[in-house]
A.B. asks: 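Let me begin by handing over the structure; questions about it come next.
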Number of protein chains: 2
Amino acid sequence: MYHYEHPRPAVTIDLAAFMLSAGELRVLLIRRDAEPFAGEWTLPGGFVHSEESLEAACGRVLSAKARLERVYLEQLYTFGAPGRDPRDRVISVAYYAILAADQRYSGPGQWHDAQALPKLGFDHAEILSTALTRLRAKLTYSDIGFEFLPEEFTLGEAQRAWETILGRPLDKRNFRKSLLEKGRVQATGKKSRGGAHPPAMIYKLGEDQAQLST
Amino acid sequence: MYHYEHPRPAVTIDLAAFMLSAGELRVLLIRRDAEPFAGEWTLPGGFVHSEESLEAACGRVLSAKARLERVYLEQLYTFGAPGRDPRDRVISVAYYAILAADQRYSGPGQWHDAQALPKLGFDHAEILSTALTRLRAKLTYSDIGFEFLPEEFTLGEAQRAWETILGRPLDKRNFRKSLLEKGRVQATGKKSRGGAHPPAMIYKLGEDQAQLST
DNA sequence: ACCTAGTAGTGTATATAATACACTTCTAAA
DNA sequence: TTTAGAAGTGTATTATATACACTACTAGGT
């Protein structure tokens, strides 16, 4: 197995980072300066360094210049087709990340509406499409949606988040029922202030669920 | 991004190949000769060559010396923790494979009962555990189970396959109902011969499902 | 003081899906 | 002829998912 060595492919991570902002599901994109795909948008990514884990590489790419606390990170798929980078054989382990709405991202790149994406370089449109499919699927059978919210939230905020991610309206009573049954969320006792409406109960993620987002 | 180059990790694939045999769910394992983990069992694997896809590398590892027709292959997860191979930084893209019961495998390695595994080298116990979890989950919401069966099968054979994979008995009428409704399987009109029981109708995978196993 | 806009909050009925459960029939082998 | 073993077949119950409409409260503007 180690008797002789083939040329090694490069290994990178690519990151589909999602965030809710201004009622849109947004994705972080980087504009490329150099060929190939100069002028097009790509997902942020980078080489995996010799002694860092794949997750550490994601963290480095995402928060080199940022100060991020709550970031959900999950491996998505590994893209390794020969020719996906025209320069060299590059195998990319794709991850997707979710930044909570109360985070401030100050690194490079721009946040784009996931519903209206520009043309993407490399195979990043495929990566992003895979990430969106996974994200929407997990929204219904896991607690991943809470990663988009601050630690405390009202049920109305949660419903607007879910609707933005799925891109379709949800029934209010059924949505509330699904969060309230089985202790997925628990009331904090506090009530929201402000807004042209009655104060809303503030909830947090249920204790049993807190570490089980996947 | 390409201004200077870090040392490149090696990229391998590791393969959890499953097959039903003698009423057991079996996994292909290779006994290691050399250190590290000499004498222990590992999943078959190998380096990804310069110009081959990840799937092609899996196919090469699995069928170098075998003559295999029906092999289901699906990417599982990428394991890249530093130190998972004590010799070198190795990033392994794990796949799992399913061989249909009527295939003959003649390559290296031994087929082991997945319920009674020996000690595995590297992090292969974790890979295999991930594969088993995924396999069992997909059995209930996809048509992946049919990959274990020959193209034509009776409902009894299918139920025994499902029960072997899940490791628990299933209700006969509910199982048959779930396969027959919505055209998941279609009757061929032929009947089985032999056995101390009435002839059974022979089915094949429904036409709509034939290419949708994932 | 009044009006308006906007969200909070609340139950029930229906449809669909999942589960539990037992007997008769047919064939091969002893 | 007997026995063992699988084939085949319905219904009742439970749980889950979906559809659907009104009142109450607050902020802000008139």
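Residue numbers begin at 1 in each chain, while the letters A, B, ... track the order of the sequences.
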A.B. asks: Determine, for nucleotides 21-30 of chain C in 5'-to-3' order, which nucleotides have protein heavy atoms under 4.0 Å from the base (write B), from only the sugar-phosphate (write S), or from neither (write -).
C.D. replies: BB--BBBS--
A.B. asks: Provide, to the nearest angstrom, the distance between the NZ atom belonging to A:Lys182 and the P atom belonging to D:dA15.
C.D. replies: 11 Å
A.B. asks: Under the 3.5 angstrom rule, does the side chain of A:Arg184 hit a backbone N or O of A:Gly206 as a donor-acceptor pair?
C.D. replies: no
A.B. asks: Output, in order, the C-alpha distance, side-chain angles, deciding distance and verdict of side chain to side chain donor-acceptor pair (under 3.5 Å) for B:Glu74 and B:Tyr72.
C.D. replies: CA-CA 7 Å; B:Glu74 182 182 326; B:Tyr72 176 84; 2.4 Å; yes
A.B. asks: Pick the closest DNA chain D nucleotide for B:Thr154 and for A:Glu181 by heavy atoms, then say which residue is nearer the 5' end.
C.D. replies: B:Thr154
A.B. asks: A:Ile202 has an atom CD1; how far is it from atom C1' of C:dA8, in whole Å?
C.D. replies: 13 Å
A.B. asks: Hey, is the main chain of A:Ala125 close enough, under 3.5 Å, to the side chain of A:Ser129 for a donor-acceptor pair?
C.D. replies: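 Here the side-chain-to-backbone pair does not exist.
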A.B. asks: Measure from CD on A:Gln159 to P on C:dT7 and round the result to the nearest Å.
C.D. replies: 11 Å
A.B. asks: Nearest whole angstrom, please: distance from the P of D:dG5 to the CD of B:Glu157.
C.D. replies: 18 Å
A.B. asks: Send over the distance from B:Arg176 CZ to D:dG10 P, rounded to a whole Å.
C.D. replies: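 To the nearest whole Å, that distance equals 11 Å.
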A.B. asks: Who passes salt bridge (Lys or Arg N to Asp or Glu O under 4.0 Å) against B:Lys172, sequence neighbours left out?
C.D. replies: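 B:Lys172 satisfies salt bridge (Lys or Arg N to Asp or Glu O under 4.0 Å) with no other residue.
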A.B. asks: Would you kindly give the CG-to-C1' distance between B:Leu179 and C:dA18, to the nearest whole Å?
C.D. replies: 15 Å
A.B. asks: Take atom CZ of B:Phe175 and atom C1' of D:dA6, then tell me their distance rounded to the nearest Å.
C.D. replies: 15 Å
A.B. asks: With a 4.5 Å heavy-atom cut-off, do B:Phe37 and B:Asp85 have their side chains touching?
C.D. replies: no
A.B. asks: Distance check needed: C:dG11 P versus A:Leu180 CG, whole Å only.
C.D. replies: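 So the CG-P distance, A:Leu180 to C:dG11, works out to 12 Å.
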A.B. asks: Could you go through A:Arg32 and A:Glu40, starting from their C-alpha distance and side-chain angles, then the distance that decides it, and tell me whether this counts as salt bridge (charged side-chain N to carboxylate O under 4.0 Å, His left out)?
C.D. replies: CA-CA 6 Å; A:Arg32 279 187 65 80; A:Glu40 293 187 21; over 6 Å; no
